[in-house]
Amino acid sequence: MNVERSIIAITGAGGGLGAAMARRFAARGARLALLDFRADMLDGLVAELGLGDADCLALTCDVSDEAQVDEAFARIAQHFGGLDVLVNNAGITRDALTLKFRDGELVSRMSLDDWKAVIDVNLTGVFLCGRAAAEQMIRAGQGGLIVNISSISRAGNMGQANYSATKAGVAAMTVTWSKEFARYGIRVNTISPGFIGTDILNAMKPEALAKLTAMIPAGRIGDPDEIAHTVQYLVENDYVNGRNIEIDGALRL
């Protein structure tokens, strides 16, 4: 698939990896549907990209809300006349130890609210957006591509029982969808980033960031555009399907 003039929807597009993807694809002539629950972030990105209304549609959407998701993807199909690519990038963290004891006394535990919040966005949101996008692709009869963003944490990471569970689920769902949707010409792949230099990571204390960087065999934090570049590779290589691409500088947790 050619990037130029492709219709690409990106969730969580307002900042971080999503914004890096939008910048890369806008520069290569793609038509973009940008979804985020933060309208102000979307407005800033759309102004930066400088695309006309015919080539860019910004939609405020809570990916965990079925009605909002279905409406958003119906609007995308109506606005552009179809959909070629979905990047399921939206995600949140609510880190905490499952249980924390000190001197035999319970200090804290991961709350059910924090568990559900991460499941709702990172796993249910991927399901809802992937289902809605695939429906539009199948109706159009032109095939397509879904890229799900997982994480190095899918293998399990301390303090991230909720996040790790969702990212493992996303990777498994990719394999399932690649089998289910292949008959319609839709490919589905996963990208699992390691530690990438988004605003959240860059805001860490210098000593903490240095300690983190020392763990990475590549000797540096990844750049958001390196993840965006990998999405571009998946768009352009029509034979990659049902695979998880790890972009982590050889780090293993």
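Atom CG of Asn237 has more than 12 heavy atoms from other residues, nucleotides or ligands within 6.0 Å.
Summarising the geometry, atom OG1 belonging to Thr11 is positioned 7.0 Å from atom CG belonging to Leu35; distances are rounded to the nearest 0.5 Å.
For Leu51, the side-chain contact (heavy atoms from CB on, under 4.5 Å) test picks out Ala26, Leu32, Leu49, Asp55, Cys56, with sequence neighbours left out. With sequence neighbours excluded, no residue satisfies salt bridge (charged side-chain N to carboxylate O under 4.0 Å, His left out) with Asp84. For Glu48, the salt bridge (charged side-chain N to carboxylate O under 4.0 Å, His left out) criterion is met by Arg23, not counting sequence neighbours.
Applying the 4.5 Å side-chain rule to ILVMFWY residues, one finds Leu97 in the same cluster as Met158. Hydrophobic cluster membership for Leu106: Leu99, Phe101 (Ile, Leu, Val, Met, Phe, Trp, Tyr linked by side-chain heavy atoms under 4.5 Å, directly or transitively).
Ile76 places none of its side-chain heavy atoms less than 4.5 Å from the side chain of Gln136.
Screening residues 160-201 for ring-ring contact (aromatic ring centres under 6.0 Å, His included) gives Trp177-Phe181 as the qualifying pairs, with residues at least two apart or on separate chains. For the salt bridge (charged side-chain N to carboxylate O under 4.0 Å, His left out) condition, no pair includes a residue of residues 101-114, sequence neighbours left out. Residue pairs meeting the ring-ring contact (aromatic ring centres under 6.0 Å, His included) criterion with at least one member in residues 65-85: none, sequence neighbours excluded. Screening residues 144-155 for salt bridge (charged side-chain N to carboxylate O under 4.0 Å, His left out) gives Arg154-Glu246 as the qualifying pairs, with residues at least two apart or on separate chains. Within the structure, salt bridge (charged side-chain N to carboxylate O under 4.0 Å, His left out) contacts touching residues 58-72 (residues at least two apart or in different chains) are Glu66-Arg131. Judged as a ring-ring contact (aromatic ring centres under 6.0 Å, His included), not a single pair has a partner in residues 227-248 (not counting sequence neighbours). Pairs passing the salt bridge (charged side-chain N to carboxylate O under 4.0 Å, His left out) check and including a residue from residues 167-196, sequence neighbours excluded, read Arg187-Asp238.
Each of Asn244, Ile146, Val175 was evaluated against Thr190; a single residue qualifies, Asn244, per the side chain to side chain contact (heavy atoms under 4.5 Å, CB included) test.
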